[in-house]
Number of protein chains: 2
Amino acid sequence: MARADADTQASTPRERYRAQVREEIKERAREQIATAGASALSLNAIAKQLGMSGPALYRYFAGRDELITALVRDAYRSLADTLGAAAAAGPDPARLAHALRDWALSDPHRYFLVYGTPIPGYHAPEDTTAIADEVMTVLLDACTTLDADRPATPFGTHLQEHRTWAEGHPAPPAALHRALAFWTRLHGVLSLELAGHFTGMGFDPARYFAAELESLTAPLSEPPA
Amino acid sequence: MARADADTQASTPRERYRAQVREEIKERAREQIATAGASALSLNAIAKQLGMSGPALYRYFAGRDELITALVRDAYRSLADTLGAAAAAGPDPARLAHALRDWALSDPHRYFLVYGTPIPGYHAPEDTTAIADEVMTVLLDACTTLDADRPATPFGTHLQEHRTWAEGHPAPPAALHRALAFWTRLHGVLSLELAGHFTGMGFDPARYFAAELESLTAPLSEPPA
DNA sequence: CGCTAGGCGCTATAACTTCTAACGGCCGCA
DNA sequence: TGCGGCCGTTAGAAGTTATAGCGCCTAGCG
């Protein structure tokens with residue numbers, strides 16, 4: 001679970017207390033987001049829930065934006081840890097996919113903190129892009145074992161020539177292409193499922209996810225239909 | 001373009017004026033969303049831009065929610081019209097895909113109004129689900145011409161047994177599967193691209209979109225990598 | 001042509017939000 | 001044991017959504 005947040009480890013009792021309160025604030029924020037959405041997050045309400053009044057929260061977070069940023073970073077971290085743990089059990093893409101789906105379903109709002117509608121003014125801090133790289137590396141590892149000596153697709157060669165996102169990774173073109181497809185196709189399914197766009201359509205999202213996964217792990221072919 | 005909104009056509013001069021003001025309010029709202037995001041939409045600011053003050057807007061929209069709902073419905077309508085127009089030029093899935101991408105790129109925020117992070121409390125009005133059906137029908141038409149007599153995939157047979165989303169449509173199982181994949185895969189690419197998750201990765205989003213599209217239109221195979 | 005009812009926009013107000021400023025008390029460290 | 005710094009407080013400014021009630025102006029009817 002890798003629950004050792006960078007916040008939690010502290011030396012002095014003051015810092016320890018501070019980290020604890022920060023964590024509790026984030027917990028309440030998560031609850032609030034789950035019930036009313038990220039846009040309705042109210043610092044005042046959180047403070048009231050914690051028994052302290054209004055501006056006290058500003059000792060812990062510079063403002064609403066910084067609180068949300070912290071939540072986004074935690075979500076990214078949680079995703080990377082989850083996929084990392086799954087990868088540790090074996091570099092199987094299917095295992096990764098199901099870990100991703102379980103992670104997404106276990107807390108949809110957390111998923112949307114990472115992959116949801118972007119906020120125009122908001123710029124992700126550098127460390128989140130580092131975590132994003134981490135995620136891509138895990139994916140690339142799994143795909144590299146899968147198509148070690150697969151011929152390159154046309155788009156794969158384009159990726160080979162523009163692989164700043166896989167700078168130091170030894171993945172061949174086919175693996176680059178597959179990793180990218182892995183990411184976007186599974187996101188396509190999960191994002192629509194979590195947003196409720198499948199409700200009332202009748203079919204089983206889990207089975208469709210499995211079908212898409214199969215199109216991703218199949219040795220070479222597998223049509224969409 | 002199908003710019004004849006249901007609002008615009010009115011008989012009495014009063015209703016005409018009212019519809020015009022409503023349209024202008026929505027226009028300003030769109031501008032504001034484009035620059036600051038939907039969550040930062042301010043009725044007060046809109047009113048100020050229109051030269052009238054605050055509560056006057058409530059004559060035209062019951063509140064922030066109803067304004068956003070109207071914008072969502074317009075966005076849905078625009079999407080359905082765009083795809084419908086593309087389909088009228090021929091039931092080619094590739095044409096539909098490019099129409100979709102052009103539509104998405106021409107106004108990313110409009111795309112996220114339809115497919116973005118859902119707001120927990122918010123329930124889409126019935127007519128939007130009707131429009132969603134309309135979109136799916138266009139997709140199913142295109143896919144039906146493509147695999148009229150294609151053998152059913154395993155998941156395709158599941159879809160065949162749970163096709164409440166394609167109730168009256170004559171699409172065969174293979175077409176059902178392909179239409180669904182069309183939707184989710186292209187959404188996967190577009191959603192990540194519009195949200196900026198591809199920036200800095202180096203490759204060309206348009207080429208990747210084309211590659212995914214090819215995986216969707218290929219007669220039977222085409223691997224991800 | 002004139003009169004009236006209703007839509008329209010206004011101000012005032014309430015309740016809410018984020019966030020800054022200044023004050024007091026407690027806690028931990030030396 | 002002292003004292004510096006962190007913490008939480010209240011007060012307040014500026015913003016938001018939304019309601020209430022007032023007048024004007026106009027469209028439409030007699």
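Just so it is clear: chains get the letters A, B, ... in the order the sequence lines come, proteins before strands, and each one is counted from 1. Only heavy atoms go into these numbers, but all of them, side chains included; no hydrogens, no water, no symmetry mates.
Between the side chain of B:H158 and the backbone N or O of A:R207, no donor-acceptor pair lies under 3.5 Å.
Summarising the local packing, CD of B:E161 is surrounded by more than 12 heavy atoms from other residues, nucleotides or ligands at distances under 6.0 Å.
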Polar atom pairs (N or O), protein with nucleotides 26-30 of chain C, under 3.5 Å:
none

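Contacts classified as side chain to side chain donor-acceptor pair (under 3.5 Å) and involving residues 57-71 of chain A (residues at least two apart or in different chains) are given here: A:T69-A:Y122. Under the side chain to side chain donor-acceptor pair (under 3.5 Å) criterion, the residue pairs touching residues 94-104 of chain B are B:S78-B:W103, B:R101-B:E193, with sequence neighbours excluded.
A:R163 pairs by the salt bridge (Lys or Arg N to Asp or Glu O under 4.0 Å) definition with nothing, not counting sequence neighbours. Listed by chain and number, the residues in a ring pair (Phe, Tyr, Trp, His ring centres under 6.0 Å) with B:F61 amount to none (sequence neighbours excluded). In terms of the ring pair (Phe, Tyr, Trp, His ring centres under 6.0 Å) criterion, A:H123 has no residue partners (sequence neighbours excluded).
If you run ring-ring contact (aromatic ring centres under 6.0 Å, His included) between B:Y208 and each of A:W183, A:F155, A:W165, only A:F155 comes through.
Near-neighbour residues of DNA chain D inside residues 45-60 of chain A, defined by a heavy atom below 4.0 Å, number-ordered: A:G51, A:M52, A:S53, A:P55, A:A56, A:R59, A:Y60. Within a heavy-atom distance below 4.0 Å of DNA chain C, the residues of residues 35-44 of chain A found are A:L41, A:S42, A:L43, A:N44. Applying a 4.0 Å cut-off to non-hydrogen atoms, the residues of residues 62-71 of chain B that approach DNA chain D are B:G63, B:R64, listed by residue number.
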Can you give each donor-acceptor pair under 3.5 Å made by side-chain atoms of residues 84-92 of chain A, sequence neighbours left out, with the distance rounded to 0.1 Å?
unit_1: A:D92; atom_1: OD1; unit_2: A:A94; atom_2: N; d: 3.2

Which side-chain N or O atoms in residues 136-144 of chain B pair as donor and acceptor under 3.5 Å with protein atoms at least two apart or in another chain?
unit_1: B:T137; atom_1: OG1; unit_2: B:D133; atom_2: O; d: 3.0
unit_1: B:D141; atom_1: OD1; unit_2: B:H169; atom_2: NE2; d: 2.5
unit_1: B:T144; atom_1: OG1; unit_2: B:L140; atom_2: O; d: 2.6

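Donor-acceptor pairing under 3.5 Å is recorded for the side chains of B:R185 and B:S215. A donor and an acceptor atom, one from each side chain of A:T35 and A:R30, are nowhere located under 3.5 Å apart.
The six-membered or imidazole ring of A:H187 lies near that of A:Y115, with a centre-to-centre distance under 6.0 Å. Outside the 6.0 Å centre-distance limit, the rings of B:H109 and B:F112 are not counted as a close aromatic pair.
Here the closest heavy-atom approach between residue B:T164 and residue A:G200 is recorded as OG1-O, 3.1 Å.
Boundaries of the chain A contact region on DNA chain D are D:dG5 to D:dA11, first to last in 5' to 3' order (nucleotide atom under 4.0 Å from a heavy atom).
Atom pair B:R16:CZ and C:dC8:P shows a separation of 15 Å (rounding to whole Å applied).
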